[in-house]
Structure formats: C-alpha cells, structure tokens
Engineer: 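One structure, pasted below without further comment.
Ligands are counted one by one from 1 in listed order, and the atoms in each one are counted from 1 as well. None of the values given here were measured: they were computed from a predicted structure.
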Amino acid sequence: MNSTSDILIVGAGLAGAQVAVSLRQGGYEGTVGIIGDEPHAPYDRPPLSKGYLRGEVGRPDLALKSDDFFGDTGVELVTGRTVTEINPADRMVTDDNGERFGYGQLVWAAGGSPRRLSIPGAELDGVLSLRSLTDADRIREAAGSARSAAIIGGGHIGLELAAAFRHWNVPVTVIEAQDRLLARVTCPIVSDYYHSLHRNAGVDVRLAAGVDELVGEDGRVCGAVLSDGSLLTADLVIVGIGLVPNIQPLARIGASCSNGVDVDSDGRTSIAGIFAVGDCANREHPYAGGSRVRLESVPNATEQAKIVANAILGQPQASPAPPWFWSHQYDTKLQTVGLLAGHDEAVVRGDIGSGKFSVVYLRNGVVIALDCINNVRDFARGKLLVQEGVRTTADAVRESADLKFILDSVGAA
Ligand code: FAD
C-alpha cells in the first residue's frame with residue numbers, strides 16, 4: 001500500500017468496502033487504501049448465522065466484491081493488520097506491526113466486537129461468539145460433535161443460531177435475561193410469536209434467567225449455573241449478548257463518543273479529517289427525530305457509507321431512507337422498517353396464527369415503524385408509510401386490505 005492514501009479506510013467490512021465503491025462510482029480519482037484486521041477481503045456477515053452456518057451458502061458466495069475489484073479500481077487492500085493508534089496532528093495511523101500509514105482523510109469503519117461475559121468460566125474452551133467468518137467456522141465445527149448447546153442472549157443472532165442448532169438436530173437452550181425474547185428490538189406481540197416459533201421447533205427457552213457461572217471439565221465447558229442455582233448441561237455455549245463498538249483509538253484521541261463514535265449528518269466525527277461509518281458510528285438520525293442512534297444493520301452501513309462518500313466528493317446528500325432490517329429463522333422472514341421506540345399503539349394486521357402478519361407502530365397517529373412477518377407486501381407499502389410519516393388510525397390500519405388506500409390518501413402509492 002502507498003505509505004500515504006488520500007482516503008484511508010480502517011475496517012475491511014461492509015461499510016468500509018462501500019465507501020471505496022461509492023467514491024470510485026462518484027468519480028473520485030485520488031488514492032484509496034483499506035486496512036482490515038481479518039485475513040479476508042470484505043465479506044457479507046448476515047449469512048454467517050443463516051445459510052453459511054447451515055452449509056447452504058459457500059464461502060465464495062460471501063465475497064462482497066469480486067477478486068478483480070481492488071486491482072481494477074486501484075483501491076489498495078491490506079488485510080491482517082489492526083490499526084492501534086491515530087495521530088491526527090500528523091494525519092498518520094499506526095498498525096500492530098508498528099507500521100505507519102498517512103492519510104488525507106480517514107474513514108473509521110471498524111464495526112464492533114461481541115460483548116464478553118464477565119463471569120467465571122467465560123474463557124473455557126467451547127464458549128464461542130459469532131461475528132466473523134472464523135467464528136462461524138468454529139461454531140459449525142463444534143456443532144458437529146455437540147450433544148447439547150446453550151445460547152446466552154435471545155436477540156436476533158442468538159435466535160438465528162438456535163434455528164441452526166435445531167436444523168442440525170442438536171438440543172439447544174436459549175437463556176434470556178429479559179422477560180421476553182427480542183425485548184430490545186420489538187413489541188411483546190412479536191416477542192411472543194418468536195417464543196412460540198422456537199418452542200415449537202424444540203428450543204428450550206428460559207426467560208428472566210441469568211447465568212452466574214460456566215463450569216468445565218479439563219478446561220472445556222460442560223454446563224452453565226443459572227441464577228436460580230440450577231445447572232444446565234451444555235458442551236457448547238454461544239454468547240450473543242450484543243456488540244461493543246470498536247472505537248478505542250478514536251476515543252483515545254478525544255473524539256466525542258457516547259454509544260459508539262458520534263458523527264454528524266455527513267458522517268464526520270468531532271476530529272478534523274476523520275469520518276466514521278457503520279456499526280461503530282452513533283449518528284443523528286432523521287427517523288429518530290434527530291436524536292443519536294447506533295444501528296447495526298446492512299442497510300444502515302450501506303447508507304452511511306454513501307453519505308460519507310458524498311461528503312468527501314462534495315456532492316449533495318440523498319434524502320434519508322427509513323432504517324430497515326431483516327432476520328430469517330426457520331421459514332419465517334421478518335422485515336422491520338422504521339424505529340419503533342416511543343410508539344403508543346401497536347396494531348396487528350392479519351392472523352398471527354397463520355404465520356403471516358404485521359404490526360404497525362403509531363405515535364400520535366403517525367406510522368413510525370412496522371414489523372412484517374412473512375409479509376413482503378406490507379413491508380414494501382410500510383416503507384412508504386414510514387417515509388411519508390402518514391397520519392392514520394388504528395382501525396384504518398387494521399381494516400385496510402393492503403395499506404394501499406392509506407398511501408393513496410397522501411398520493412404516495
Ligand atoms: P463490520 O462488517 O463488522 O466490519 C468492520 C471490520 O473492521 C471487521 O472486519 C473488523 O474485524 C475490522 N476492524 C475492527 N477493528 C479494526 C482495526 N482497529 N483495524 C483494522 N480493522 C479493524 N444485518 C442485517 O441488516 N440483517 C441481518 O440479517 C444481519 N445478520 C447478521 C448476522 C451476523 C452473524 C452478524 C455478525 C451481523 C449481522 N447483521 C445483519 C449486521 C451487519 O452484518 C452489520 O451491520 C454490518 O456488517 C456492519 O458493517 P460494518 O462495516 O460497520 O462492520
């Protein structure tokens with residue numbers, strides 16, 4: 001790599017790769033370098049807990065860009081190096097080999113690392129987490145000989161993993177500290193639906209349950225002591241309790257950080273010449289009334305990367321899109337659009353028992369979010385409802401066959 005890049009991107013994940021792509025698509029002719037700490041070129045993470053884990057998606061299919069991309073576009077990629085220090089006065093970064101790289105502008109795209117458990121036994125063999133391709137390979141290998149597994153954390157990734165264990169016919173227990181699954185991201189109606197889905201698939205779901213200790217034999221995990229004192233047998237434990245944003249070098253140089261590194265509407269941090277994107281960035285979000293949110297999703301990472309590329313190119317920003325997310329568990333496809341925090345009504349459309357329904361979230365009569373379960377049509381229309389901030393009533397939402405008349409009423413269909 002050049003010792004100095006006009007644009008230096010730290011983190012060879014989705015957001016970092018998308019910044020490089022968008023810069024070149026926008027006609028940027030300066031030098032662009034990417035430094036990533038994994039041994040791989042940028043790849044897609046969502047299949048790691050879905051098709052890749054189950055062996056249905058091959059490794060080559062995970063690549064975000066073809067082998068030719070970097071050569072053809074002159075984007076220089078260095079893998080297997082961790083950036084440990086930033087010196088904003090000299091516009092230099094230093095990696096874990098002590099090598100220094102200069103930058104004109106720096107884009108921090110370092111994502112996050114799995115939150116660790118701080119209980120006795122957390123370091124035993126057989127205690128794993130899932131963020132990277134290496135993690136997914138480890139889980140796949142360990143699952144081959146596991147007699148029973150425990151997943152600590154009932155969020156989307158934990159539940160996708162539970163579905164994979166049932167696919168492999170491995171008995172699995174999900175241990176969730178809250179009194180319902182997915183408590184951080186959805187309403188009780190959707191939580192209950194997912195609880196039934198997993199219970200019917202044979203998952204042992206323990207709610208309002210903590211883990212005090214992991215116990216082992218010969219250095220290998222063999223069980224978990226739960227907060228009620230009971231012992232759960234498991235020779236594979238996956239910890240899925242969230243993400244810690246990778247922002248330490250930025251925090252050390254005094255960048256404003258709260259939940260992640262704070263960025264403005266152009267993705268700029270508080271340090272001159274440094275942008276941040278993706279899972280590590282805490283952005284002012286128009287769909288959160290301008291408050292800061294740190295989102296962990298593919299659409300968010302992609303959108304933020306385009307915003308930063310536009311800011312570097314001096315191009316106008318596109319209108320912000322409503323945030324969205326998806327999850328696949330068994331044959332159930334969830335699509336969520338909008339941010340549901342602060343809703344005062346959750347209106348169900350369709351028959352929950354049929355496995356195809358939506359929940360529309362209203363605040364003061366305005367549609368702010370939808371959870372769509374196996375309901376692609378509601379999701380497509382719902383995106384527009386959220387984008388337009390459509391005002392309606394619970395009855396209208398419930399009774400509308402296809403949400404279209406609500407859109408027609410604002411001329412947005
Ligand atoms: P990352 O993709 O994590 O990339 C950051 C990169 O930077 C990593 O390679 C990291 O190792 C590297 N790095 C970190 N520190 C340094 C450093 N100091 N120096 C150099 N390199 C560094 N989103 C959805 O919308 N739908 C889904 O269904 C979905 N499923 C998911 C399933 C799994 C198992 C996971 C892990 C994530 C899933 N996501 C999903 C989230 C989505 O993948 C992330 O939001 C997205 O990858 C964020 O991109 P990013 O570039 O910000 O971070």
Side-chain angles (χ1 to χ4, degrees), residues 8-21 33-53 57 62 64 77-86 93-97 99 101 106-115 128-137 139-140 151 153 155-161 163-164 185 238 240 242-252 260-261 263 267 275-283 294-305 308 323-329 333-337:
L8 182 62
I9 299 165
V10 176
L14 170 68
Q18 184 63 48
V19 171
V21 169
I34 307 182
I35 303 177
D37 62 358
E38 294 187 68
H40 319 285
Y43 61 87
D44 202 17
R45 282 175 213 278
L48 299 183
S49 51
K50 308 176 183 73
Y52 181 76
L53 201 59
V57 172
L62 297 179
L64 285 174
L77 173 67
V78 171
T79 55
R81 300 286 187 90
T82 306
V83 169
T84 52
E85 273 174 50
I86 307 169
V93 303
T94 308
D95 74 12
D96 50 344
N97 280 357
E99 195 169 344
F101 301 88
L106 183 70
V107 180
W108 192 260
S113 303
R115 188 179 299 282
L128 303 176
S129 56
L130 176 57
R131 179 72 190 172
S132 66
L133 189 47
T134 310
D135 297 334
D137 287 341
I139 291 172
R140 254 188 359 187
I151 295 169
H156 280 303
I157 290 181
L159 295 179
E160 287 177 356
L161 278 162
V185 293
I238 320 263
L243 189 82
V244 179
N246 291 327
I247 54 168
Q248 299 78 354
L250 278 172
R252 277 199 296 274
V261 57
V263 295
F275 295 85
V277 285
D279 284 10
C280 64
N282 195 16
R283 65 189 282 205
R294 189 179 62 74
L295 299 173
E296 296 168 14
S297 74
V298 165
N300 174 67
T302 309
E303 183 187 43
Q304 277 194 303
V308 164
W324 68 278
F325 179 83
W326 77 91
S327 173
H328 290 178
Q329 295 163 41
K333 179 171 183 173
L334 167 78
Q335 291 165 298
T336 294
V337 59

Engineer: Find all atoms of ligand 1 within a distance of less than 4.0 Å from any non-hydrogen atom belonging to P299, and give their numbers and elements.
Structural biologist: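 Close to P299: 25 (O).
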Engineer: Can you give me the closest heavy-atom contact between A110 and C280, atom names plus distance?
Structural biologist: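 Here A110 and C280 meet closest at N-SG, 3.9 Å.
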Engineer: State which residue, out of I34, L106, V277, fulfils the side chain to side chain contact (heavy atoms under 4.5 Å, CB included) condition with I9.
Structural biologist: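 Result for side chain to side chain contact (heavy atoms under 4.5 Å, CB included) with I9: I34.
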Engineer: Just to be sure I read this right, does ligand 1 sit under 4.0 Å from the backbone of R81, its side chain, both, or neither, counting only heavy atoms?
Structural biologist: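 The part of R81 near ligand 1 is the backbone, not the side chain.
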Engineer: Which is closest to atom 47 (O) of ligand 1 in terms of heavy atoms, E38, R45, E296?
Structural biologist: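 Among E38, R45, E296, the closest heavy atom to atom 47 (O) of ligand 1 belongs to R45.
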Engineer: Work out which heavy atom in V10 is nearest to a heavy atom in W108; give both atom names and the distance.
Structural biologist: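 Taking V10 first and W108 second, the nearest heavy atoms are CG1-CZ3, 3.5 Å.
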Engineer: Among all protein heavy atoms in this structure, tell me which lies nearest to atom 26 (N) of ligand 1, with the distance rounded to 0.1 Å.
Structural biologist: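 Looking only at protein heavy atoms, the one closest to atom 26 (N) of ligand 1 is W326 O, 3.3 Å.
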Engineer: Once you round to the nearest 0.5 Å, how far does CG of L53 lie from CD1 of I139?
Structural biologist: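 If we round to the nearest 0.5 Å, L53:CG and I139:CD1 are 6.5 Å apart.
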Engineer: Considering the heavy atoms of L14, write down every atom of ligand 1 situated less than 4.0 Å from one of them.
Structural biologist: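 That gives atoms 2 (O), 49 (O), 51 (O) of ligand 1.
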Engineer: So, regarding S49 and ligand 1 (criterion: nitrogen or oxygen to nitrogen or oxygen, under 3.5 Å), is there a contact or not?
Structural biologist: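 N/O-N/O distance under 3.5 Å: no.
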Engineer: Tell me which protein heavy atom sits closest to atom 17 (C) of ligand 1, plus the residue, atom name and distance to 0.1 Å.
Structural biologist: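 Ranking protein heavy atoms by distance from atom 17 (C) of ligand 1, first comes V83 N, 3.7 Å.
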Engineer: So which heavy atom in the protein is nearest atom 45 (O) of ligand 1, and how far is it from that ligand atom?
Structural biologist: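 In this structure, atom 45 (O) of ligand 1 has D279 OD1, 2.7 Å as its nearest protein heavy atom.
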Engineer: Which is closest to atom 30 (N) of ligand 1 by heavy-atom distance: K50, Q335, E160, E85?
Structural biologist: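 Minimum heavy-atom distance to atom 30 (N) of ligand 1 goes to K50.
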Engineer: Which atoms of ligand 1 have any heavy atom of L130 under 4.0 Å away?
Structural biologist: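 Selected atoms, number and element: 34 (C).
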Engineer: Counting heavy atoms only, which of A301, A15, G11, G13 comes nearest to atom 4 (O) of ligand 1?
Structural biologist: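 It is G13 that holds the nearest heavy atom.
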Engineer: Would you mind telling me if ligand 1 is within reach of the side chain of N246, the backbone, both or neither, using heavy atoms under 4.0 Å?
Structural biologist: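 Just the side chain.
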Engineer: Per the side chain to side chain contact (heavy atoms under 4.5 Å, CB included) rule, which among V83, T79, L77 passes with I35?
Structural biologist: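 Option passing the side chain to side chain contact (heavy atoms under 4.5 Å, CB included) with I35: V83.
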Engineer: Could you list which atoms of ligand 1 come closer than 4.0 Å to a heavy atom of G278?
Structural biologist: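 Answer for ligand 1: 52 (O).
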Engineer: Have a look at L295, D37, V19 and point out the one with the heavy atom closest to atom 13 (N) of ligand 1.
Structural biologist: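 Result: the heavy atom closest to atom 13 (N) of ligand 1 is in D37.
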Engineer: With a 4.5 Å cut-off on side-chain heavy atoms, are V19 and F275 touching?
Structural biologist: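 F275 vs V19: side chains apart.
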Engineer: Give the atoms of ligand 1, by number and element, whose distance to some non-hydrogen atom of V298 is under 4.0 Å.
Structural biologist: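 Selected atoms, number and element: 23 (N), 24 (C), 25 (O), 42 (C), 45 (O).
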Engineer: Are E38 and R45 within salt-bridge range, i.e. N to O under 4.0 Å?
Structural biologist: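 Result for this pair is yes, salt bridge flagged.
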Engineer: Who pairs with D137 by side-chain hydrogen bond (donor to acceptor under 3.5 Å, both in side chains), at least two apart in sequence or on another chain?
Structural biologist: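 side-chain hydrogen bond (donor to acceptor under 3.5 Å, both in side chains) check on D137 returns Y52, R59.
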Engineer: If I compare all heavy atoms of L48 with all of Y43, which pair ends up nearest, and what's the gap?
Structural biologist: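 Scanning both residues, the minimum pair turns out to be CD1-CE1, 4.0 Å.
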Engineer: Tell me which protein heavy atom sits closest to atom 15 (N) of ligand 1, plus the residue, atom name and distance to 0.1 Å.
Structural biologist: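 Minimum-distance protein heavy atom for atom 15 (N) of ligand 1 reads A110 CB, 3.4 Å.
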Engineer: Number the atoms of ligand 1 from 1 as they appear, then name those within less than 4.0 Å of a heavy atom of R131, with their elements.
Structural biologist: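 This gives 1 (P), 3 (O), 36 (C), 53 (O) as the contact atoms.
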Engineer: Are E296 and H156 close enough that some pair of their side-chain heavy atoms sits under 4.5 Å apart?
Structural biologist: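 No, side chains not in contact.
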Engineer: Rounded at 0.5 Å granularity, tell me how far CD1 in I151 sits from CG in L161.
Structural biologist: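 If I round to the nearest 0.5 Å, the distance is 5.0 Å.
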Engineer: Give the residue and atom name of whichever protein heavy atom lies nearest to atom 40 (C) of ligand 1, and the separation in Å to one decimal.
Structural biologist: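 For atom 40 (C) of ligand 1, the nearest protein heavy atom comes out as P46 CG, 3.8 Å.
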Engineer: Please determine, by modelled atom types, if T84 and D96 share a side-chain donor-acceptor pair under 3.5 angstrom.
Structural biologist: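 Note: T84 and D96 side chains miss the donor-acceptor criterion.
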Engineer: Out of all atoms in ligand 1, which are within 4.0 Å of some heavy atom of I35? Include the element for each.
Structural biologist: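 Answer for ligand 1: 20 (C), 21 (N).
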Engineer: If you have a sec, work out which protein heavy atom is nearest atom 24 (C) of ligand 1 and how many Å separate them, to one decimal?
Structural biologist: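 Ranking protein heavy atoms by distance from atom 24 (C) of ligand 1, first comes F325 CE1, 3.4 Å.
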Engineer: Among all protein non-hydrogen atoms, which one is nearest to atom 35 (C) of ligand 1, and what is the separation to 0.1 Å?
Structural biologist: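 Heavy-atom neighbour on the protein nearest atom 35 (C) of ligand 1: I157 CD1, 3.5 Å.
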Engineer: In terms of atom number and element, which parts of ligand 1 are under 4.0 angstrom from non-hydrogen atoms of A109?
Structural biologist: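 Ligand 1 atoms under the 4.0 Å threshold to A109: 5 (C), 6 (C), 7 (O).
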Engineer: Looking at residues at least two apart in the chain, or sitting in another chain, which of them share a side-chain hydrogen bond (donor to acceptor under 3.5 Å, both in side chains) with E99?
Structural biologist: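 Applying side-chain hydrogen bond (donor to acceptor under 3.5 Å, both in side chains) to E99 gives R81.
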Engineer: Is the contact between D44 and ligand 1 made by the side chain, the backbone, both, or neither, using heavy atoms and a 4.0 Å cut-off?
Structural biologist: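 It is neither part, as no heavy atom is under 4.0 Å.
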Engineer: Looking at side-chain heavy atoms only, is the closest gap between P245 and V261 below 4.5 Å?
Structural biologist: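 No - every pair of side-chain heavy atoms lies 4.5 Å or more apart.
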Engineer: Between ligand 1 and T82, is the shortest N or O to N or O distance under 3.5 Å?
Structural biologist: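 No; the residue has no nitrogen or oxygen that sits under 3.5 Å from a nitrogen or oxygen of the ligand.
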Engineer: Could you see which bit of A136 sits under 4.0 Å from ligand 1, with heavy atoms only: side chain, backbone, both or neither?
Structural biologist: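 No part of A136 comes within reach of ligand 1.
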Engineer: Could you go through the salt bridge (Lys or Arg N to Asp or Glu O under 4.0 Å) check for D279 and R131 one step at a time?
Structural biologist: CA-CA 12 Å; D279 284 10; R131 179 72 190 172; 2.9 Å; yes
